Amino acid sequence: MNTAYEKIINDLAPKKFSWRGKIWVAFLVAVVLVGLYSYVQQIRYGLVITGMRDYALWGIYISNFVFFVAVSLVGSLITAILRLSDVHWSTPLTRIAEIIAVAAIIMAGIAIILDMGRPDRVINLFLHGRLQSPIIWDVVVISTYLVLSVLFLYYPLLPDFTILSKYFDNNTRLNKWYRVLSLNWTGNEKQTKIYSRSIKVLSVLIIPVAFAIHTVTAWLFETTYRPGWDSTNFGPYFVAGAFVAGSSAVIVVMYILRKMYKLENYITDHHFDLMGKILVMLSLLYLYFNINEYLMPIYKSTEEEATHLRSLFTGEYAWLFWVVIIGGLVIPVIIMVFRGGRKPFPLFIVSLTVMVCAWWKRYLIVIPTLSHPFLPIQGVPESWHHYKPTWMEWSITFATLAMAMLIITFLVRFLPIVPIQETAEERGLIEGHQTQHS
Amino acid sequence: MEKEKNSNQKSRRNFVEQGLKFGLLTAASGALLAKVFGRSENPESAETVELMSTDGTLMQVPASAVSHTHESKSAYNPREGFPNRKFVMVVDLAKCRNAKKCQSSCNKNHYITGENAWIKIYKMQDSEKSAPYWQPTLCQHCDEPACVKVCPVDATFKRRDGIVLIDNNRCIGCRFCMAACPYSVRVFNWSDPWQGEAVEQAEYSPDYAGVPSQKGTVDKCDFCPHMIDKGELPHCVSACPNDVFSFGDMYEDTVTNGSGQSFKLSKLLKDRAGYRLMESLGTEPSVYYLPPSDRIVDFEEGLKNYTEFQSVDKPQEP
């Protein structure tokens with residue numbers, strides 16, 4: 001054992017929460033509890049506690065669900081696509097990406113149940129499921145993706161768990177847990193062979209499933225006739241947008257973790273530089289799909305499409321629309337094109353903006369379309385003509401976001417944020433897959 | 001569960017048998033609607049009954065044969081629907097003056113306590129220079145229903161008699177059907193409907209929507225199978241003072257209005273240039289509209305009844 005290797009283990013082994021960490025957890029728990037209170041009210045009184053009504057029949061629960069599905073796609077991008085292309089610089093980011101993916105896909109599943117009028121009948125999806133319904137497709141692909149993501153987080157952890165169980169040999173509880181979780185990983189030839197093959201198979205499998213989860217989510221809208229959703233562009237448009245949302249989330253999380261855990265030696269400025277470049281490329285791709293999505297319908301301006309698009313370009317959603325497009329895509333691209341814009345702090349701020357705008361972008365996809373049905377809105381109270389989320393609806397939505405961050409926080413507490421074994425290998429401190437006998 | 005399945009199978013078999021009888025009868029005697037809706041007297045002593053066939057000729061049919069139709073009712077299953085029927089409605093826009101009796105009757109008989117009626121009379125104007133008109137709009141009972149297509153749990157379903165219904169005991173409240181419906185006819189129970197004890201305790205069946213309604217599930221016009229079953233017209237049809245609505249069976253090519261007058265459906269649609277809403281979407285609705293030409297009253301007369309923001313009267317305690 002050399003000292004450099006021990007230093008890596010020392011640096012990367014999970015650490016107890018600092019006082020700041022404890023406050024952070026307490027804050028998140030408080031947000032979740034407020035949301036829980038609102039949800040109990042929702043169960044009691046029905047969805048009447050939300051701002052949704054017969055015309056605005058879906059609201060921020062659904063746009064928030066779409067956001068979670070979008071963010072979860074990043075796991076496949078950073079880990080699978082880059083891994084298969086034999087890109088090694090992303091190794092320290094793979095775990096962060098997978099943790100985000102797992103947290104987001106769990107919350108996507110919960111977010112969709114929050115929107116249901118009868119969550120007590122969720123079992124009907126299995127008892128009476130119709131394969132013809134896009135919702136069943138979503139149930140199938142999202143649960144598949146959840147399993148694959150958990151495995152994809154777990155498998156690469158096996159060597160690290162063995163390392164950690166040794167590292168925590170004075171702490172019997174942690175020692176035992178890590179040993180159990182490591183599935184008796186010793187790094188022998190047979191294990192290594194299965195290990196690398198499984199990860200390769202998972203990397204290949206997870207890519208089509210990742211594309212499927214967001215394409216199917218796009219189809220939830222695209223299978224209707226409504227202007228604004230009736231677009232053949234929707235699948236790829238959603239997938240491209242998902243990569244933008246997910247990569248910005250990774251940048252935000254990696255900046256915070258690097259700062260909190262002083263990981264400057266592992267997550268370097270160079271990583272930020274490269275992630276910035278990736279985000280530029282993805283944002284440009286997403287802009288391209290946006291142009292396709294908006295320019296062609298407004299060029300033709302059929303009556304229904306024009307009504308919808310006018311509400312986005314110059315009407316009641318114009319303010320939000322242009323902030324999201326210009327502030328959330330165009331300006332970030334311009335900033336990140338410059339080297340200075342890809343330095344950790346500026347990139348963190350830019351990514352945070354991109355991520356918040358990505359959330360609102362889903363709002364703009366879901367809500368405006370519903371206020372322009374084919375037949376005019378008549379015979380309902382005036383307040384039903386416009387959608388305005390209630391505070392309870394917001395508190396439930398914030399609770400889901402807080403839950404996602406809570407999952408990330410707890411995974412970070414007990415898992416090495418940066419893969420120990422792979423980092424040591426890449427630095428040539430140990431031989432490939434020979435943890436035990438170096 | 002098992003028992004239910006058995007009885008379902010049995011009743012399905014009954015259906016096939018009854019259906020065959022029914023079909024033969026239809027082929028032989030033509031329009032049964034005259035019997036069911038036409039309020040024709042059934043001469044108890046006479047051996048034959050006069051019926052009108054699909055091509056409009058009158059013919060004598062043995063009374064004993066007609067009585068078979070009543071037996072088939074016992075085999076009626078709300079998910080399957082009436083065998084060998086295809087219900088249609090014709091809405092004559094030339095006669096509508098926004099009296100809203102259809103709406104209030106529907107609201108009352110389906111115990112609607114929400115704020116969005118299942119039948120709404122839209123103030124329509126197709127283009128700036130054309131005349132405005134009143135358009136009563138209810139569930140179109142499409143033959144290619146977008147709502148049924150997307151339902152994840154088979155809670156909303158299409159019956160063989162053309163009626164689209166909702167099983168409120170199964171609906172999970174995802175509202176995908178509402179998003180899919182281009183006619184905006186579906187209504188959600190955002191809160192507890194509070195319909196009163198009598199309705200809430202009533203035994204639920206999908207073919208009488210609203211009895212009772214359930215929080216967190218979707219409701220809509222059901223074409224009143226509970227009235228058809230009794231041999232009566234849907235509530236809106238009989239409530240209309242202007243005979244705007246006619247209801248009937250496409251296989252018999254006959255529709256009957258609230259005053260009991262029957263029309264040959266194909267002739268009516270041809271003569272009056274009948275059309276369906278948003279034909280281009282391919283939803284194949286079962287509701288036909290007759291254009292608002294040669295109107296019996298001015299459009300303006302309906303304006304006094306028009307309330308943009310209300311379609312259901314606030315519930316009053318009896």
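It should be emphasised that the depicted structure is a prediction, and the values quoted were computed from it without experimental measurement. A note on names: the letters A, B, ... follow the listed sequences, proteins ahead of strands, and every chain is numbered from 1.
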Any chance [atom1] of [X] has more than 12 other-residue heavy atoms, nucleotides or ligands included, within less than 6.0 Å?
X: Lys120(B); atom1: NZ; answer: yes
X: Trp391(A); atom1: CH2; answer: yes
X: Arg295(B); atom1: CZ; answer: yes
X: Lys158(B); atom1: NZ; answer: yes
X: Arg79(B); atom1: CZ; answer: yes
X: Phe313(A); atom1: CZ; answer: yes

Strictly distance-based, threshold 3.5 Å: is any side-chain N or O of [X] a donor or acceptor partner for the main-chain N or O of [Y]?
X: Arg226(A); Y: Ala179(B); result: yes
X: Arg130(A); Y: Val148(B); result: yes
X: Asn124(A); Y: Arg170(B); result: yes
X: Thr224(A); Y: Ala180(B); result: no
X: Trp58(A); Y: Cys174(B); result: yes

Go through the atoms of [X] and report whether side chain, backbone, both or neither lie under 4.5 Å from a heavy atom of chain A.
X: Asp167(B); answer: neither
X: Gln103(B); answer: neither
X: Asp154(B); answer: both

Please walk me through it: do Ile172(B) and Leu125(A) pass side chain to side chain contact (heavy atoms under 4.5 Å, CB included)?
CA-CA 8 Å; Ile172(B) 60 168; Leu125(A) 288 168; 3.9 Å; yes
Check whether any side-chain heavy atom of [X] sits under 4.5 Å from a side-chain heavy atom of [Y], and report yes or no.
X: Arg118(A); Y: Gln214(B); value: yes
X: Leu47(A); Y: Phe188(B); value: yes
X: Ile135(A); Y: Phe176(B); value: yes
X: Lys215(B); Y: Tyr45(A); value: no
X: Tyr306(B); Y: Gln378(A); value: yes
X: Tyr55(A); Y: Ser184(B); value: yes
X: Met178(B); Y: Asp54(A); value: yes
X: Arg175(B); Y: Asp115(A); value: yes

Side chain, backbone, both or neither of Ile123(A) within contact of chain B (heavy atoms, under 4.5 Å):
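For Ile123(A), neither part sits under 4.5 Å from chain B.
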Option that, when pairs with chain B are counted at under 4.5 Å, heavy atom only, ranks first among [options]:
options: Met116(A), Gln132(A), Arg53(A); value: Arg53(A)
options: Ile49(A), Leu370(A), Leu220(A), Ile112(A); value: Leu220(A)
options: His385(A), Glu382(A), Arg121(A); value: Arg121(A)
options: Ser383(A), Pro119(A), Pro376(A); value: Pro376(A)

Out of [options], which one racks up the most heavy-atom pairs below 4.5 Å with chain A?
options: Ala117(B), Ala146(B), Ala155(B), Cys171(B); result: Cys171(B)
options: Leu281(B), Thr217(B), Asp192(B), Thr283(B); result: Leu281(B)
options: Asn169(B), Val218(B), Asn189(B); result: Asn169(B)

In Å, rounded to the nearest 0.5 Å, how long is the span from CG of Leu277(B) to CZ of Phe374(A)?
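The CZ atom of Phe374(A) is 12.0 Å from CG of Leu277(B), to the nearest 0.5 Å.
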What distance do Leu375(A) atom CG and Tyr122(B) atom OH have between them, rounded to the nearest 0.5 Å?
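Between Leu375(A) CG and Tyr122(B) OH, I get 5.0 Å after rounding to 0.5 Å.
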Measure across Ser133(A) and Cys151(B) and return the closest heavy-atom pair with its distance rounded to 0.1 Å.
CB-O, 3.4 Å
Ignoring hydrogens and angles, state whether a donor on the side chain of Trp384(A) or Asn116(B) is under 3.5 Å from an acceptor on the partner side chain.
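Absent: no donor and acceptor within the cut-off.
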